[in-house]
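Take a look at the structure below.
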Amino acid sequence: MANPILHFHGAAGSVTGSCFFLEAGGTRILIDCGMFQGSKSEKELNYKPFPFEPSTIDAVLLTHAHIDHSGLLPKLAKAGYGGPIFATAATIDLCTIMLQDSGHIQESEVRQLNRRNRRRAREPVEPIYTADDARSMLPQFIAVEYGEWRETVGGARFRYWNAGHLMGSASIELEAPGADGPTRILFSGDVGASNKLFENLPRAPSGVDYLICESTYGDREREEYALKVRRDRLRDVVATSNSPGGVLLIPSFAVERTQEVLTDLVALMDEGEVPRCPIMIDSPLASQATEAFKRHAADLGHGKAFLRALNAPNVRFTETAEQSKALDLVRGFHIIIAASGMCEAGRIRHRLKNWLWRQECTVLFVGFQAAGTLGRILQEGATDVRIQGEEIHVGARMATLDAYSGHADASELDAWVAGREPIRKAIFLVHGEESAREAMSARLPKQVSAKVVCPSLDDAYELAPSGARLVDDRTPARIKPVVPGRPDWNNDYQRFVLDLSDRLTSVADEKGRAVVLRRLRRALDPDDAPAVEGRRDGNADHGS
């Protein structure tokens, strides 16, 4: 029997697209099947064929419901996978909502794109999948309990451990058959922070052969936020944002982050720490996810406070597009929590278009912003951005409160990894940008004896008794250059367009603008520059 081989088909060098393909003892298992987010080049991977044949997969093990871990499951089923998708009951509840919503968003965005494509005489595109596609694969889900050993085709065994990241989230322990007996592999999923409002501390086994560990916050430390300290920081942001006719915009992940922020806001208002004002939840997905959280409230920490927040008279959920548009007409200070958390899609982009140029607006980021996303660009201090083709000057104030992050920070990750000792063979660092992985891979050898590996997208490793060995693979890379997790040429192009607009606006007269454009044309077409220059100079002389 051959040694197991593990393929890293996502979240390798970036934070999104989690997807690990394990071949072991004649069984083929997929751990997560997530959507890529970030730069346009990275998101294009969502449209490309899978680097494996979906119909040959025996089982899918899902760590949790976030779209960067579950978002391509409908595409997988559409491409021929008809087997089981194992997940906790809470994850299945959330996926039932989130995957259909993802399909709706794709259908809506493709309709808008195709309208633009028709005007540009470009070919129409198809959505990755539709809401109907998402609905049709839901019967494939099979619920598992934490701590319960299950077995797949081919004799691989697995069990789930509470990862403390999101309702229903899990780390997955897997025993894969191999030439010299079972190989014990632990997939961390996303490891929760120690200060989560609703979740328990993460749990996982020790004494594994191989650990596949997330590294999202591998290069940064958050301040220690006890609940009161976190709410005090939130109170300060609300206080500095509260201006007549102003708004506090909170781009938030619709699932759990929205519910946590809402619970804290209402608690502060109930205690008289901040004035009571309207709180609008502008996300149909958040509304539906909130119902799922209500069903599981008895199992959540601070579940009663969450239910009180839902019943607060100043909390409103928008359902229809018309209700969402009406938020632009609200007068007086108010708070809007809207998806998506990285400002890449959904209703937050409409709210930003309406408010971003105004000084009476504050944008509060409460989650990780991936490289190349609009959220990251704003967070890093952009003065001008483009949203849906429209140029907008940023007059709003930016604020960040990372106490709400669902991810363990650097010291928490180190402690979690140390708790898995002995790790006998190797640690693979995934689900992090290069700076995060590099920092964590520099620290870990001082704390653990296992070899630390940072795989690239589509790398495959043989998990041998002697250690991990990179498998030679001449399959062309799916993304060139292989730079997931970074801004791409699309980001550079948008920045260039904005800089060019600023330059042309700053020039005093038409003649100066013509000079700027001539220089640009000369740079674009150096071979044609003399002829173009001569024609322009001749025309200028003739007309004067």
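- The closest side-chain heavy-atom distance from Pro455 to Val430 is below 4.5 Å.
- By the 6.0 Å and 45° rule, Arg222 stacks over the aromatic ring of Tyr217.
- A salt bridge is absent between Glu148 and Arg159: the closest approach of a Lys/Arg side-chain nitrogen to an acidic carboxylate oxygen does not fall below 4.0 angstrom.
- Checked by atom type and distance alone, the side chain of Asn114 pairs as donor or acceptor with a backbone atom of Val125 at under 3.5 Å.
- Across Trp416 and Ser171, no two heavy atoms sit closer than the pair CZ2-OG, 3.9 Å.
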Steps toward salt bridge (charged side-chain N to carboxylate O under 4.0 Å, His left out) verdict (Glu42, Lys40): CA-CA 5 Å; Glu42 199 166 347; Lys40 285 188 178 180; over 6 Å; no
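- For the 3.5 Å distance criterion, the side chains of Glu421 and Ser206 fail to qualify, holding no donor opposite an acceptor.
- Side-chain contact between Leu234 and Leu268 is present, with heavy atoms from C-beta onward closer than 4.5 Å.
- The minimum heavy-atom distance linking Ser215 with Leu413 is given by the pair CA-CD1, 4.0 Å.
- For Glu126, the CD atom counts as loosely surrounded, since its 6.0 Å shell holds 12 or fewer non-hydrogen atoms of other residues, nucleotides or ligands.
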Step-by-step side-chain contact (heavy atoms from CB on, under 4.5 Å) determination, Thr130 to Gln106: CA-CA 7 Å; Thr130 66; Gln106 290 168 60; over 6 Å; no
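- Counting heavy atoms from C-beta outward, Leu429 and Leu444 have side chains that approach closer than 4.5 Å.
- For Ser324, the side-chain hydrogen bond (donor to acceptor under 3.5 Å, both in side chains) partners two or more places apart in sequence, or in a different chain, are Asp282, Arg351.
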side-chain contact (heavy atoms from CB on, under 4.5 Å) evaluation trace for Ile250 with Ile335: CA-CA 8 Å; Ile250 306 178; Ile335 299 170; 4.0 Å; yes
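- Interatomic distance, Leu300 CG to Arg295 CZ, rounded to the nearest 0.5 Å: 12.0 Å.
- The two residues Ala193 and Ser405 come nearest to each other via the heavy atoms CB-O, 3.9 Å.
- Between Thr91 and Thr88, the side chains place a donor N or O and an acceptor N or O closer than 3.5 Å (distance only, hydrogens not considered).
- We find that Glu173 and Arg157 are not joined by a salt bridge, their nearest charged nitrogen and carboxylate oxygen being 4.0 Å or further apart.
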Stepwise salt bridge (charged side-chain N to carboxylate O under 4.0 Å, His left out) test for Arg424 and Asp209: CA-CA 5 Å; Arg424 289 180 280 269; Asp209 295 310; 2.9 Å; yes
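- Side-chain atoms of Ser252 come within 3.5 Å of backbone atoms of Thr258 as a donor-acceptor pair (strictly under, hydrogens ignored).
- Between Gly71 and Met35, the closest heavy-atom pair is O-CE, 3.5 Å.
- Taking both residues in full, the closest heavy atoms of Ala65 and Ser70 are given as O-OG, 2.9 Å, listed atom of the first, atom of the second, then distance.
- By the 4.5 Å heavy-atom criterion applied to side chains, Pro202 and Asn162 are not counted as neighbours.
- Relative ring orientation between Phe253 and His66 is described as tilted, the plane-to-plane angle lying within the 30° to 60° band.
- Ser435 and Asp219 share a side-chain donor-acceptor pair at under 3.5 Å.
- Annotation: side chain of Tyr461 is in contact with side chain of Phe428 (closest heavy-atom distance under 4.5 Å).
- Annotation: side chain of Ile85 is in contact with side chain of Met137 (closest heavy-atom distance under 4.5 Å).
- You'll find the side chain of Tyr160 reaches within 4.5 Å of the side chain of Leu61, heavy atoms only.
- Counting only distance, with no hydrogens or angles, the side chain of Asn46 and the backbone of Lys43 share a donor-acceptor pair below 3.5 Å.
- Ionic pairing of Asp409 and Arg220 is not present here: no N-O contact between side-chain nitrogen and carboxylate oxygen is shorter than 4.0 angstrom.
- Ring centroids of His7 and Phe20 are separated by 6.0 Å or more, keeping the two rings apart.
- With hydrogens and angles left out, the side-chain atoms of Asp264 and Tyr404 include a donor and acceptor closer than 3.5 Å.
- Note on ring orientation: taking the six-membered ring where Trp is involved, the planes of Phe306 and Phe293 are perpendicular (angle over 60°, cut-offs 30° and 60°).
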Intermediate values then yes/no, side chain to side chain donor-acceptor pair (under 3.5 Å), Asp68 and Ser18: CA-CA 6 Å; Asp68 61 323; Ser18 181; over 6 Å; no
Asn3/Leu463 under side-chain contact (heavy atoms from CB on, under 4.5 Å): CA gap, chis, key distance, verdict: CA-CA 6 Å; Asn3 293 314; Leu463 306 184; 5.8 Å; no
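- Checking Thr400 against Gln379 by side-chain atom types alone, a donor-acceptor pair falls below 3.5 Å.
- Under 3.5 Å, the side chains of Ser194 and Glu412 contain a donor-acceptor pair of N or O atoms.
- By the neighbour-count criterion of 12 heavy atoms within 6.0 Å, atom CD of Gln112 is densely surrounded, having more than that number from other residues, nucleotides or ligands.
- In this structure, the side chain of Ser14 does not engage the main chain of Gly10 through any donor-acceptor pair within 3.5 Å.
- Between His431 and His69, the angle of the ring planes stays under 30°, which puts this pair in the parallel group of the 30/60° scheme.
- Checked against the 6.0 Å centroid criterion, the rings of Phe86 and Phe141 do not qualify as a close aromatic pair.
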Full working for side-chain contact (heavy atoms from CB on, under 4.5 Å) between Glu433 and Phe368: CA-CA 11 Å; Glu433 294 174 1; Phe368 183 83; 3.7 Å; yes
Chi angles and distances behind the side chain to side chain donor-acceptor pair (under 3.5 Å) call for Tyr129, Ser102: CA-CA 9 Å; Tyr129 57 86; Ser102 175; 2.8 Å; yes
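- No hydrogens or angles considered: nothing links the side chains of Arg420 and Ser188 as a donor-acceptor pair under 3.5 Å.
- The heavy-atom pair separating Ala79 from Glu53 by the smallest distance is O-OE2, 4.2 Å.
- Within the 4.5 Å cutoff, the side chain of Leu211 has heavy atoms near those of the Val417 side chain.
- Glu214 and His407 share a donor-acceptor pair across their side chains, judged by distance under 3.5 Å alone.
- Counting non-hydrogen atoms of neighbouring residues, nucleotides and ligands closer than 6.0 angstrom, the CZ atom of Arg203 reaches no more than 12 such neighbours.
- A side-chain donor-acceptor contact under 3.5 Å links Thr320 to the backbone of Gln323.
- Remark: the backbone N or O of Gln37 is paired with a side-chain donor or acceptor of Thr16 at under 3.5 angstrom.
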Salt bridge (charged side-chain N to carboxylate O under 4.0 Å, His left out) between Lys78 and Asp133, intermediate numbers included: CA-CA 7 Å; Lys78 189 177 177 182; Asp133 293 328; 3.5 Å; yes
Side chain to side chain donor-acceptor pair (under 3.5 Å) evaluation trace for Thr183 with Glu175: CA-CA 5 Å; Thr183 300; Glu175 290 186 355; over 6 Å; no
Full working for ring pair (Phe, Tyr, Trp, His ring centres under 6.0 Å) between Phe52 and His9: CA-CA 9 Å; Phe52 49 82; His9 291 316; 5.7 Å; yes
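- Gln259 places a side-chain N or O within donor-acceptor distance of the main-chain N or O of Ala254, the cut-off being under 3.5 Å.
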